[in-house]
Amino acid sequence: MFLALALIAVATEAILGYPDTIYRRIGHPVSWIGGLIAWCDRAWNSAALSHEERRWRGIYVVVLLLAVGALSGWAITAVLQYFLHGAIALLLTGVVGSSLLAQRSLDAHVAAVASALETSGIDAGRRAVSMIVGRDTRELDEAAVSRAAIESLAENFSDGVVAPLFWMAVAGLPGAICYKAINTADSMIGHRSERHLAFGWASARFDDLVNLPASRLSAFWFVFAAALSPGLSAPRAITVLFRDAGQHRSPNAGWPEAAMAGALDIQLSGPRIYDGVEVAERWVGDGRNVLTARDIRAALDLYRAACGLQIAALVALVAVSLMF
């Protein structure tokens, strides 16, 4: 286990995030991974190929991403351990690993939606939420904008914070990079468009698999945080979780969304528009569905409490590991 590494990474990201100066100079690991995936898509995903051949080439992409992720993570770890003292190497490896987490940036992007609604109105809210969701936001009212922001917060807590941290704790920096590569591939080529139905099949299915433990764990953190938060209900979160999570379009996103909906006594998911086509999704939760920026703020409070509990759990696990 790599618990100390995970703790250093999440603490660093919570304090510093990913500095803009570094991003402007060298970009971000996700953008580097995205560049490799985009190259594979251009070079290997030809419309002239059969469905079966495109599916096999998509499998090759997954294998390539896992190989590159594992080797790069191993190389970074090995070089730091070779040239630096053990504790310093661990610290710097954790700092590198912090770039794979989105705890602070997720908070900022969702808070920006609430601020836009509060200060500048619905048009600003639509623009802000369009930065974090894939649906058509042009006709959304305040309730739909708020719902989209909260859904994004819940889902990305799982795959942008809990999942990379989980795989880092289990398999070190190579595990976290491999996870991030698969998750990025799913977001880029894992959708059911004509171009990517076959080519992105392996990325989508493997992403479902590697996100399975984190989605359940993220739901637990929301339930635990609700139990410690005045005005929220952990029992209701549990009820909605076990009733509605399995009805969600995603085998994983339904878990944190259901826990969030139950804790806040609101409804999430429901009908939405993608590429001009209305998709009839089932509702998650049975509370209010007329939401406002205030509900986004309440969701952010729950999210921050869940993040704090996750860090506290890592501190406790590291302390226990040092005792034995």
Side-chain angles (χ1 to χ4, degrees), residues 106 110 113 129 132-135 140-163 166 183 186-187 190-192 204-205 207-229 231-274 277-292 294-307 309-310:
L106 176 58
V110 175
V113 179
V129 82
I132 57 174
V133 299
R135 73 195 67 171
L140 298 184
D141 58 14
E142 182 178 7
V145 167
S146 300
R147 191 161 52 247
I150 295 170
E151 290 167 7
S152 181
L153 179 65
E155 182 175 354
N156 284 290
F157 174 57
S158 177
D159 61 21
V161 182
V162 179
F166 173 84
N183 187 242
D186 177 58
S187 68
H191 34 86
R192 296 184 178 182
R205 297 291 75 77
D207 182 72
D208 287 342
L209 178 63
V210 297
N211 270 301
L212 190 148
S215 64
R216 278 63 176 170
L217 185 57
S218 62
F220 167 78
W221 290 132
F222 281 147
V223 170
F224 194 3
L228 300 177
S229 302
L232 303 186
S233 173
R236 187 171 57 233
I238 294 172
T239 298
V240 174
L241 177 63
F242 285 103
R243 188 192 67 207
D244 293 350
Q247 306 300 321
H248 197 276
R249 66 190 180 281
S250 165
N252 291 313
W255 286 75
E257 283 192 25
M260 175 77 81
L264 300 177
D265 195 21
I266 60 176
Q267 285 185 312
L268 297 175
S269 196
R272 73 276 313 280
I273 297 175
Y274 290 103
V277 179
E278 181 172 322
V279 180
E281 301 288 355
R282 297 183 61 164
W283 289 101
V284 171
D286 51 12
R288 295 175 295 107
N289 63 13
V290 180
L291 309 183
T292 67
R294 181 177 295 181
D295 294 297
I296 301 177
R297 297 291 185 190
L300 281 166
D301 287 342
L302 181 64
Y303 164 77
R304 291 162 185 160
C307 289
L309 287 169
Q310 182 171 237

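In what follows, residues are counted from 1 in the order of the sequence shown.
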J.: Kindly compute the distance separating CZ (Phe222) from CG (Leu217), expressed to the nearest 0.5 Å.
T.: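 Reported value, rounded in 0.5 Å steps: 11.0 Å.
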J.: For Ser152 and Ala149, indicate whether the former's side chain and the latter's backbone hold a donor-acceptor pair under 3.5 Å.
T.: no
J.: State, with a plain yes or no, whether a side-chain heavy atom of Glu142 is found less than 4.5 Å away from one of Leu291.
T.: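 No. Closest side-chain heavy atoms not under 4.5 Å.
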J.: Would you please name every residue forming a side chain to side chain contact (heavy atoms under 4.5 Å, CB included) with Ala148, sequence neighbours left out?
T.: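 With sequence neighbours excluded, Ala148 shows a side chain to side chain contact (heavy atoms under 4.5 Å, CB included) to Val129, Val133, Arg135, given in chain and number order.
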J.: Please report the closest heavy-atom contact between Ala225 and Ser229, naming both atoms and the distance.
T.: O-OG, 2.6 Å
J.: Taking C-beta and beyond as the side chain, do Thr292 and Asp295 meet within less than 4.5 Å on heavy atoms?
T.: yes
J.: Can you confirm whether Arg294 is buried at CZ, in the sense that more than 12 heavy atoms of other residues, nucleotides or ligands lie under 6.0 Å from that atom?
T.: no
J.: Taking the side chain as everything from C-beta on, heavy atoms only, tell me whether Tyr303 gets closer than 4.5 Å to Val161.
T.: yes
J.: From Asn183 CG over to Asp159 CG, what is the distance, rounded to the nearest 0.5 angstrom?
T.: 4.5 Å
J.: Any heavy-atom pair between the side chains of Pro213 and Phe166 that's under 4.5 Å?
T.: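 The answer is yes; the side chains approach within 4.5 Å.
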J.: Would you call the rings of Phe224 and Phe220 parallel, tilted or perpendicular, where under 30° means parallel and over 60° means perpendicular?
T.: tilted
J.: Identify the heavy atoms of Asn252 and Leu212 that sit nearest to each other, and give their distance.
T.: OD1-CA, 3.2 Å
J.: Ignoring hydrogens, what is the shortest heavy-atom contact between Arg282 and Ser269? Give both atom names and the distance.
T.: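 Result for this residue pair: O-OG, 3.1 Å.
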J.: Measuring from Arg147:CZ to Asp141:CG, what's the distance to the nearest 0.5 Å?
T.: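 Result: 7.0 Å between the selected atoms.
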J.: Measure from the side-chain N and O atoms of Ser146 to the backbone N and O of Ile296, and report whether any donor-acceptor pair falls under 3.5 Å.
T.: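 No.
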J.: Would you compute the distance between atom CZ of Arg216 and atom CG of Asn211 and round it to the nearest 0.5 angstrom?
T.: 9.5 Å
J.: Could you check if a side-chain atom of Leu153 sits within less than 4.5 angstrom of a side-chain atom of Phe157, using non-hydrogen atoms only?
T.: no
J.: Could you measure the distance from the CG atom of Asp286 to the CG atom of Asp265? Nearest 0.5 Å is fine.
T.: 7.0 Å
J.: If I compare all heavy atoms of Ser158 with all of Pro256, which pair ends up nearest, and what's the gap?
T.: CB-CG, 4.0 Å
J.: Is the shortest heavy-atom distance from the side chain of Val284 to the side chain of Glu151 under 4.5 Å?
T.: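 Val284 vs Glu151: side chains apart.
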J.: Nearest heavy-atom pair of Ala258 and Val240: which atoms, and what distance?
T.: O-CG1, 3.4 Å
J.: Is there a donor-acceptor pair closer than 3.5 Å between any side-chain N or O of Arg236 and the backbone N or O of Gly262?
T.: yes
J.: Is a side-chain N or O of Glu257 found less than 3.5 angstrom from the main chain of Ala154, in a donor-acceptor match?
T.: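 Checked: no pair found.
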J.: Contact between Leu309 and Leu228 at the side-chain level, heavy atoms closer than 4.5 Å - yes or no?
T.: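 The answer is yes, as the side chains (C-beta and beyond) meet within the 4.5 Å cut-off.
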J.: Taking all non-hydrogen atoms of both residues into account, name the closest pair between Arg288 and Leu264 and its distance.
T.: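 Minimum heavy-atom contact is NH2-O, 4.2 Å.
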